[in-house]
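To find a chain, count down the sequence lines: A is the first, B the second, and so on, and within it residues start at 1.
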Amino acid sequence: MMEWIVSILLISGALFMLVAAIGVVKLQDVYMRMHAITKAASLGAILMLAAVVLWHPQWIVAIEALMVVLFVILTAPIGAHMLARVSHHMKVPIGQGYIMDELQDAIDRNEMDGTVSDEDKAIDADKL
Amino acid sequence: MLLLLAVLIGVLYGSAVYLLLRRNIFKLVLGLIFLGYATNLLLFVASGLTSGYPAFIRNLEGETATMSDPLPQALILTAIVIGLGVTAFALVLVYRFYSVTGTVDLDELSENE
Amino acid sequence: MESVILQIAARHMRPILIVLSLVVLYRGHNEPGGGFIGGLMLGAAFILYAMAFGVSKTQKSISFSPVTMTALGLLIALLSGVPALFSGSPFMTGEWITLFQHTVVELKLGTPLLFDVGVYLTVAGMLMLVMFSIMED
Amino acid sequence: MILVLPIMLPLLFMVALIFTRRWLAFQQVFSLIASFALTFLSALLLAEVSRKGIMTLQLGGWPAPYGITLVVDLLSAIMLTTTSFVALVVMIYSPGFIDKERQTAGYYPLVFGLLMGVNGAFITGDIFNMYVWYEVMLTSSFVLIALGGSAEQLRGSVKYVTISFVASIFFVSAIGIMYGQAGTLNMADLAYKMRSWEEMPYMNSALMLFFIAFSIKAALFPFFFWLPASYHTPPVAITALFAGTLTKVGIYTMMRFYSLFVVEDVMFWKIFLLVIAGLTMTVGVLMAASQFDIRKILSFHIISQVGYMVMGLVIFTPQAVAAAIYFTVHNMLSKTGTFLAGGLVYQRSGSYDLKYLGGLYKSMPFLALLFFVPAMSLAGIPPLPGFFGKLFLVKGGFAAGDYLITGVAIAVGLFTLFSMVKIWNEAYWKSEPENMPAPSRVSNLTLAASSLLVLAVILLGVFVGPVMKITHEAAVQLTDPLIYIQAVLGKQ
Amino acid sequence: MIQPDTYPVLSFAVYFSFACLTISLFAGLYRLLTGPSLPDRIVVMDLIASLVIGLIINYVMLTGQPVFLNVAVAIALLVFMGNIAFAKYLKRRVQQ
Amino acid sequence: MLKIFTFLLRIFRLILFIGYYLKELVVSSLYVAYDIITPKDLMRPGFVEVPIDLKNETAVIALVNLISMTPGSLTVDMSPDKKKIYIHAMYLFDKDAFIRKIKNELEDRIRLIFD
Amino acid sequence: MNSGLLIGLLLLLSFLAPFTRRYLNNLAGPLYAIVPVAGIIYYLRALPVILKGEVITESYKWIPVYDINLSFYIDGFGILFSLLILGIGAFILIYAGKYMVPYPMKGRFMGYLILFMAAMLGIVVSGNLITMFVFWELTSISSYLLIGYHHEKPEARTAALQALLITGFGGLALLGGFVLLGLPYGTYELSTILADPEPIRSSVLYLPALILILLGAFTKSAQFPFHFWLPGAMTAPSPVSAFLHSATMVKAGVFLLARLNPVMGDTQIWHILLTTFGTVTMVMGAWFSITQTDLKKILAYTTVSALGTLVLLIGTGTQYAINAAIIFLLVHALYKGTLFMMAGNIEKMTGTRDITKLGGLFKEMPVAAIVMSLALVSMAGIPPMLGFVGKELIYEATSLAPTSRYLILLAAFFTNSVLVFLSLRLSLDVFWGKRSDYQKKPFDPYVALMAGPVVLVLLSLLLGLFPANLAAPLTAMAITSVSPGHVAVGLKLWHGFNLVLLLSALTLFTGYFMYRYKRMILEHSGSINLRYFAREFSNGFVAAVDGFLHFTKKQTSRIQHGYHRFYLMTVFAVASVLVWVMIWRADPIILELNFADMPLNLVAVVVLIIAAALSAVISHSRVIALVAMGVIGFGISIIFIAFSGVDLAITMIMVEVLMVILAMAVLYHLPKYAKYSESGARMRDGLVASLVGAFMMVLVLQAGTTQMSEPISSFFKEASYSEAFGRNVVNVILVDFRALDTLGEISVIAIAALGIFSMIKLSKRKEI
Ligand code: NA
Ligand code: NA
């Protein structure tokens with residue numbers, strides 16, 4: 001029974017990661033890919049960790065697994081935030097179907113820091 | 001497995017050397033870092049590979065026979081940390097080099113010799 | 001202007017990282033970890049803080065100079081080899097004492113652990129120094 | 001117990017100096033006392049070893065092939081003593097020569113860091129540990145060479161750091177390859193095992209990697225580029241220190257390794273290394289002859305002279321090896337001496353360029369003497385030690401039947417003489433150039449340091465008999481590796 | 001050690017999971033090589049970090065050595081700092 | 001005594017919150033996963049400004065992170081006065097509903113735990 | 001007193017001279033001369049013993065391990081030379097003390113002279129080849145310092161350099177020769193070597209040793225084609241020319257040949273080489289002296305000629321020849337020393353040494369005229385001066401030469417005729433004839449300047465008058481050491497009418513004839529010189545040095561070109577060639593390819609790392625390279641985990657992240673970089689890189705497939721918990737088993753930290 005539960009957890013976690021990876025390939029702009037990575041991947045990891053804890057029911061394993069989960073939740077969004085923010089500053093091309101950009105509005109109102117320069121368009125990412 | 005990892009080590013050394021031969025000083029440092037990786041891996045692979053038996057004593061009978069060789073691991077750890085120190089210094093050196101000479105082109109080093 | 005989110009996160013992460021680095025340092029003799037890893041973690045704590053708040057604020061938030069910290073680590077590591085001399089053993093021979101023997105919290109302390117503390121401080125000090133040096137603006 | 005001190009004392013001194021880095025006067029005095037203590041200690045060790053034979057220490061009490069063993073044989077002791085003496089002289093020289101900013105920016109602790117690494121490399125009996133000491137030494141030298149951060153210095157350091165790093169990488173890689181096959185790191189143990197194997201199909205590849213690493217550090221042909229590219233950039237006191245210690249570690253290691261590990265294919269190694277030695281001597285000296293900067297002449301010269309040491313080593317008779325050791329010692333002293341004298345020239349005239357120098361023979365006769373003696377020693381003029389080094393090398397070479405390389409060694413002597421005399425003719429004999437800046441005062445301490453070294457050079461020549469006796473014993477130990485192996489492992 | 005003959009299902013799960021992660025690694029590689037923007041490439045590092053956590057867990061299951069989890073902790077704790085560094089650098093580039 | 005009680009209460013709320021959050025997580029994850037693996041695109045992306053009233057920094061960071069961890073939304077930035085956050089949302093069918101959901105469900109629960 | 005002490009005293013004196021000269025003032029010369037005079041007394045007292053055919057030896061342990069001693073060996077030949085050196089030396093010191101008055105740095109000059117004296121004495125009394133060589137080189141160095149006395153003049157520096165390089169070259173050859181000579185004997189003691197020529201004669205080393213020793217002797221004694229440094233050395237002050245470059249140092253080569261004659265001599269090759277080079281040098285020296293106008297240059301070329309004569313005589317090796325050599329050596333030292341000192345005096349009095357600008361000095365300088373003329377009489381070989389005895393013996397020796405007798409005789413005849421011609425010229429043209437205009441009124445020089453010439457010339461006269469009583473015993477004792485089988489021939493002024501006398505007469509006549517028609521002779525020889533010898537040897541030397549410098553400069557800029565990446569490329573290219581050679585020499589590896597042990601996921605990780613590495617290499621973006629670096633770090637830590645390295649994986653990840661941060665922080669400051677290399681360069685670099693990568697790969701395979709011994713790490717596994725109380729074996733190794741490594745490693749870290757701190761600190765200073 002336990003073997004089955006663990007196996008399902010493991011497989012579903014891996015599938016989540018796979019979906020995230022597919023998302024990274026398929027999704028249309030950097031923000032959406034970030035979504036896929038921060039969430040699906042983290043969730044996958046969490047599921048797999050659950051499998052480990054169930055299979056090795058020791059305190060130390062549980063604590064370590066919990067630490068992984070906590071730290072993923074604590075750090076992954078920060079990293080994503082930093083990258084998303086700078087992507088917005090860089091005016092990384094966005095995909096279709098955007099319905100609003102209130103962040104840009106705030107920047108235009110000078111409420112937010114959003115460094116803009118004339119060369120924005122000219123930045124050749126490869127040469128940076 | 002050995003062959004695969006040997007190929008990997010070869011590629012890493014090759015890339016490192018190629019980077020070292022570039023003109024950009026930053027690539028030079030990158031090359032040094034890569035050399036460090038390649039060497040750490042070499043130390044690890046050349047001394048034999050053991051899967052699944054980390055070098056921890058767990059009070060199990062006969063575990064030391066199957067346990068992976070801890071010595072190269074310790075050596076690599078030492079080498080990694082030394083590499084970190086030297087690379088950090090090299091990075092600051094590059095930074096200073098640029099701020100003083102105003103160039104990152106290594107070929108401009110040739111003057112004055 | 002640095003990200004507010006990052007600043008809040010850094011303020012929260014630093015103590016976590018420091019405590020964790022101490023744990024890792026202590027566990028090192030029996031579990032993964034030790035002076036290097038602990039030291040790297042401690043250094044990372046301050047690097048994170050410096051990335052969020054800048055170097056000068058970080059420097060102000062600590063009361064010691066990283067150079068001194070590095071040297072102190074070195075000194076501790078060096079001195080950890082000395083006790084062996086008093087018992088007539090070669091330099092750096094491990095000397096151990098057991099606290100709270102035969103109790104639940106039995107604690108084995110030895111000069112190798114002290115040595116690891118030296119490693120810990122040196123590595124962390126060096127990382128801080130490098131970062132402070134390069135990031136200054 | 002005393003064996004651990006050559007490493008631990010410099011470390012302790014370094015730490016102490018880091019803590020006190022703001023108090024310049026204390027640093028100066030303390031380093032002087034400390035380096036004197038180190039010199040005294042090494043002399044003591046030398047005396048001990050020549051009386052009792054090889055000394056060993058198992059660190060941490062772990063037995064020989066497992067823990068790290070420190071081994072001091074005569075060669076190590078000789079190298080230790082010479083190195084610490086050179087450092088002592090440089091420590092006397094530095095306060096009057098190196099600018100205050102550099103002095104307070106970690107110069108003194110770094111010198112002790114360097115010494116720690118150099119001493120460690122001299123006395124360790126463990127290959128990986130040797131790598132670690134190499135790194136300690138190199139990192140210190142990286143910093144020392146870049147200390148001050150002028151554009152020229154940075155240019156030199158980039159080259160120096162990169163090529164040294166590459167050498168270190170070869171070193172570690174070789175250790176990995178070697179450990180993978182032999183499963184040991186203890187040098188005596190490895191040497192012992194190598195002698196017990198019927199054959200060792202792949203060991204020589206690892207040895208070749210070691211050789212490349214050491215010849216980069218020792219600046220052998222064609223791996224020497226970093227040396228002339230960087231040695232002229234830092235203050236000459238630092239260069240002098242490097243010349244007296246750093247490149248010689250490469251040679252020391254090569255001696256040790258050649259003695260212990262060249263077991264198979266000896267003829268190949270011998271011929272190969274003799275060719276390298278010959279090319280090194282020749283190319284180095286020819287390049288030295290073309291230069292006009294005192295420091296560059298001397299730097300190129302280091303290369304040439306390393307060729308002699310390798311030659312003596314590779315001939316590998318006790319006589320030739322003894323000659324190589326004596327030559328190395330002489331070179332450490334004389335080379336440092338010429339660099340320091342070059343520094344005095346600079347302090348006095350503000351230039352190292354022969355084109356802008358002149359008249360020093362008349363204006364500073366004593367300074368002229370301080371250059372003349374070590375320079376003539378390098379040129380192999382009797383009765384200075386350089387002559388005896390050359391004499392015994394030639395003797396050893398001819399006696400071993402290696403006529404060709406010995407002939408090359410003799411011929412190179414002429415160009416060596418030429419390049420030394422070139423400095424003399426231009427800087428000392430030529431009349432003062434018109435637009436030379438007003439001479440500045442040479443500090444008494446630097447003069448004293450230079451004189452001390454010159455005195456040592458002279459004494460090394462005067463007491464060639466007793467010194468040669470010791471180097472001969474060292475060579476006997478080195479040419480019979482079983483002595484070393486037995487001392488470390490305690491087995492036959 | 002998990003062997004197919006003792007734990008057939010779990011063994012399958014581990015290998016299946018390895019397969020998923022492997023495919024995902026190549027997906028990440030694809031994004032790393034094609035970009036198009038720099039942040040696109042940088043986030044690949046995050047993806048790979050997560051995948052590595054997954055791989056570590058697989059090794060824990062395969063070998064029965066939970067000690068490998070320590071590596072996952074380190075990854076979870078520190079990898080985001082790389083993002084911060086990249087972000088700071090890119091921001092500076094934009095400002096110039 | 002009261003302190004112990006409030007502490008226990010907070011723990012209780014935390015557990016409740018974790019339950020709630022896990023449910024949200026699974027649901028929205030499945031949604032996003034579905035969207036990714038099916039060819040048809042449901043997305044209505046955009047950057048939304050969401051005002052927040054949390055005082056405690058820990059609460060703020062928790063909110064920011066939990067928003068980011070929820071599939072479909074990603075915190076991009078925060079105003080220097082910590083009063084507004086900017087979210088990149090993938091499914092902005094109804095902006096007000098989106099803001100409401102964050103404010104009422106996430107923010108309130110977090111406030112109960114931390115403030 | 002003994003020789004060692006004497007040399008020691010001289011060395012001490014040479015060291016003290018620079019400090020004492022200024023206090024002693026005019027007394028310096030005579031006072032310094034006390035030491036050599038004491039030496040003379042000592043040797044004269046030893047003379048009776050030596051005359052009995054005994055040898056005085058002294059030996060001091062020097063380098064006992066190699067049986068090298070500081071030995072002295074005083075036999076008849078040695079003592080003759082010693083007396084000459086000390087005697088002339090004493091007078092030179094007196095002479096120089098006065099002569100150098102107007103010049104600066106007199107103290108140093110005197111010191112060098114005395115140093116030279118000690119060295120020269122050392123050569124002739126050495127009882128050990130190494131001892132002799134040490135003194136030999138000391139003479140070269142002191143000669144260098146003395147020739148360069150007027151070092152502010154470029155020609156003085158060139159001449160000094162030239163002399164040093166030529167004699168230095170010879171010295172090096174000599175060193176080789178001596179070492180080879182000593183090999184068959186196993187010792188360098190002259191007493192052993194001179195006792196038995198057999199070991200070296202029968203050794204294959206004879207010929208190389210001989211050639212090397214001859215190179216040493218020929219360069220020192222200015223034999224063709226190394227002669228040119230000697231005329232160049234005339235830029236030195238006259239005391240130097242008199243002492244070093246006529247009477248003593250240049251004789252060192254001749255001395256050496258004579259000294260080694262019992263061992264090396266009397267072989268076919270010895271005869272051929274010595275007579276050939278000796279004859280050529282003799283004739284050539286004479287020929288070039290004809291057209292010279294500088295007093296000292298004339299004397300220099302005649303010295304070259306005389307040295308050739310001596311070498312010729314020693315090479316001939318017959319009884320008469322050896323006798324002639326010894327006598328001529330004495331003769332030449334006496335008259336040439338005088339002549340050089342007189343040349344100095346004349347220059348001092350008149351301000352010139354150009355003989356075309358000199359004339360009619362007899363009135364003002366009668367004593368000088370007589371002294372110099374007497375010396376010239378000796379040079380011309382006219383009775384009753386000792387020179388006559390010498391010349392007679394030369395004719396006798398050459399007429400009895402075993403090979404090429406007539407050719408050599410002709411050469412000797414020509415040379416002697418030239419000497420007669422020059423003697424006439426130097427005496428008549430300088431002291432008689434039309435008086436030239438001088439800047440100041442000349443007068444007979446001071447006593448100090450004349451003492452040497454007078455005594456030497458008187459000695460020449462005395463020995464010439466009573467050859468059988470005074471000169472013969474000296475020759476007799478010398479000849480037993482130079483040529484043990486031979487005895488001295490009777491010396492007398494009058495031999496009766498024979499071929500030799502006829503030759504003498506003919507020589508005088510020819511010399512006079514040449515003087516009579518000197519204008520024609522000078523014209524013709526001048527035009528011949530212009531036509532065939534326009535490029536002087538010394539010019540050739542200078543050109544050679546320049547060419548050498550040019551060549552080295554070019555080579556240096558080619559090798560040490562300053563392009564860092566080519567340095568690196570050389571290192572890598574050579575390294576890969578070397579390692580590939582070793583791989584090729586070893587057995588091929590037998591690989592058991594087992595694909596079953598390749599887990600697919602690891603293959604994927606490896607592919608990932610390779611792809612990342614390649615993209616880091618190819619990409620023009622440094623950010624991408626850094627991302628790739630991060631990916632590689634992750635990949636490597638997975639490999640570590642797959643093979644049980646937990647601490648490694650953790651450290652790798654952390655270091656990785658920190659490295660990325662540090663690198664980004666540096667990139668933060670660096671500018672964009674837009675220059676890309678050409679495809680050719682990329683191909684070349686790629687080739688080198690793949691060679692390195694490939695050999696590393698093969699090495700890993702080699703190491704991974706061979707296991708020669710059981711690894712020592714089993715000990716660590718056993719002892720980790722039981723003895724070092726730790727379960728994490730890796731950590732226990734780091735902090736206990738191999739703690740010293742770790743200590744070194746944190747030292748590296750600390751030093752790097754300190755370095756970074758210093759660099760930043762110093763850079764701030766500059767900005768402020
Ligand atoms: Na979809
Ligand atoms: Na192996």
Side-chain angles (χ1 to χ4, degrees), chain C residues 24 27-37 39-41 43-44 47-48 50-51 65-67 69-75 77-78 80-81 91-94 96 98 108 110-137, chain G residues 641 645-659 661-670 719-721 723-761 763-764:
Chain C
V24 163
R27 283 183 5 140
H29 214 51
N30 295 306
E31 298 293 328
F36 292 164
I37 299 178
L40 291 175
M41 224 174 235
I47 289 176
L48 176 62
M51 286 198 293
S65 135
V67 184
M69 183 173 170
T70 313
L72 186 69
L74 213 47
L75 187 64
L78 179 64
S80 78
F91 188 73
M92 294 194 122
T93 307
W96 292 87
T98 312
K108 257 180 138 53
T111 49
L113 296 185
L114 193 61
F115 182 84
D116 230 9
V117 173
V119 176
Y120 171 81
L121 290 177
T122 311
V123 171
M126 175 272 203
L127 275 177
M128 287 158 73
L129 197 57
V130 179
M131 223 35 222
F132 292 177
S133 305
I134 306 182
M135 280 178 43
E136 259 175 328
D137 32 17
Chain G
I641 289 171
V646 184
D647 288 74
L648 272 186
I650 300 174
T651 313
M652 187 74 209
I653 297 271
M654 301 183 81
V655 166
E656 177 58 52
V657 170
L658 292 170
M659 211 90 104
I661 295 172
L662 294 184
M664 287 313 302
V666 168
L667 271 192
Y668 194 79
H669 302 282
L670 299 189
S720 173
Y721 191 65
E723 291 177 47
F725 314 113
R727 295 183 187 277
N728 182 351
V729 187
V730 176
N731 184 268
V732 174
I733 292 177
L734 286 173
V735 298
D736 201 337
F737 294 124
R738 298 183 63 89
L740 194 62
D741 278 352
T742 312
L743 190 64
E745 166 222 299
I746 57 174
S747 307
V748 171
I749 289 281
I751 290 164
L754 187 61
I756 291 159
F757 167 76
S758 315
M759 273 164 85
I760 301 294
K761 187 180 170 199
S763 73
K764 279 215 183 111

Visitor: Of all of C:Gly28, C:Gly94, C:Gly34, C:Ala77, which one pairs up most often with chain G through heavy atoms under 4.5 Å apart?
Guide: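 Ranked by heavy-atom pairs under 4.5 Å with chain G, first place is C:Gly28.
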
Visitor: If I measure from the heavy atoms of chain C, does G:Val646 come under 4.5 Å with its side chain, its backbone, both, or neither?
Guide: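 Contact with chain C: side chain only.
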
Visitor: Name the option with the most non-hydrogen atom pairs under 4.5 Å to chain G; the candidates are C:Thr111, C:Thr122, C:Thr70, C:Thr93.
Guide: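 So the answer, after comparing C:Thr111, C:Thr122, C:Thr70, C:Thr93, is C:Thr122.
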
Visitor: When you compare the side chain of C:Phe36 with that of G:Asn731, does any pair of heavy atoms fall below 4.5 Å?
Guide: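 Counting from C-beta outward, G:Asn731 and C:Phe36 never come under 4.5 Å.
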
Visitor: Is chain G contacted by the side chain of C:Leu127, its backbone, both, or neither, given a heavy-atom distance below 4.5 Å?
Guide: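 The side chain, not the backbone.
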
Visitor: Where does C:Met41 contact chain G at under 4.5 Å (heavy atoms): side chain, backbone, both or neither?
Guide: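 Both backbone and side chain of C:Met41 come within 4.5 Å of chain G.
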
Visitor: Examine whether an atom of G:Ile749 lies under 4.5 Å from a heavy atom of chain C, and if so say whether it belongs to the side chain, the backbone or both; otherwise answer neither.
Guide: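 It is both, since atoms from each part get that close.
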
Visitor: With a 4.5 angstrom heavy-atom cut-off, is it the side chain or the backbone of C:Val67 that approaches chain G, or both, or neither?
Guide: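 Side chain of C:Val67 only, per the 4.5 Å heavy-atom cut-off to chain G.
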
Visitor: So which part of G:Ala750 gets closer than 4.5 Å to some heavy atom of chain C, the side chain, the backbone, both or neither?
Guide: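 Both backbone and side chain.
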
Visitor: Flag the pair G:Val735 / G:Thr742 as yes when at least one side-chain heavy-atom distance between them is below 4.5 Å, and no otherwise.
Guide: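 No, side chains not in contact.
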
Visitor: Measure distances from C:Ile47 to the heavy atoms of chain G and classify the residue's part below 4.5 Å as side chain, backbone, both or neither.
Guide: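 Side chain of C:Ile47 only, per the 4.5 Å heavy-atom cut-off to chain G.
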
Visitor: Below 30° counts as parallel, above 60° as perpendicular, anything between as tilted: where do the rings of C:His29 and C:Trp96 land?
Guide: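 Tilted, since the angle between the ring planes falls between 30° and 60°.
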
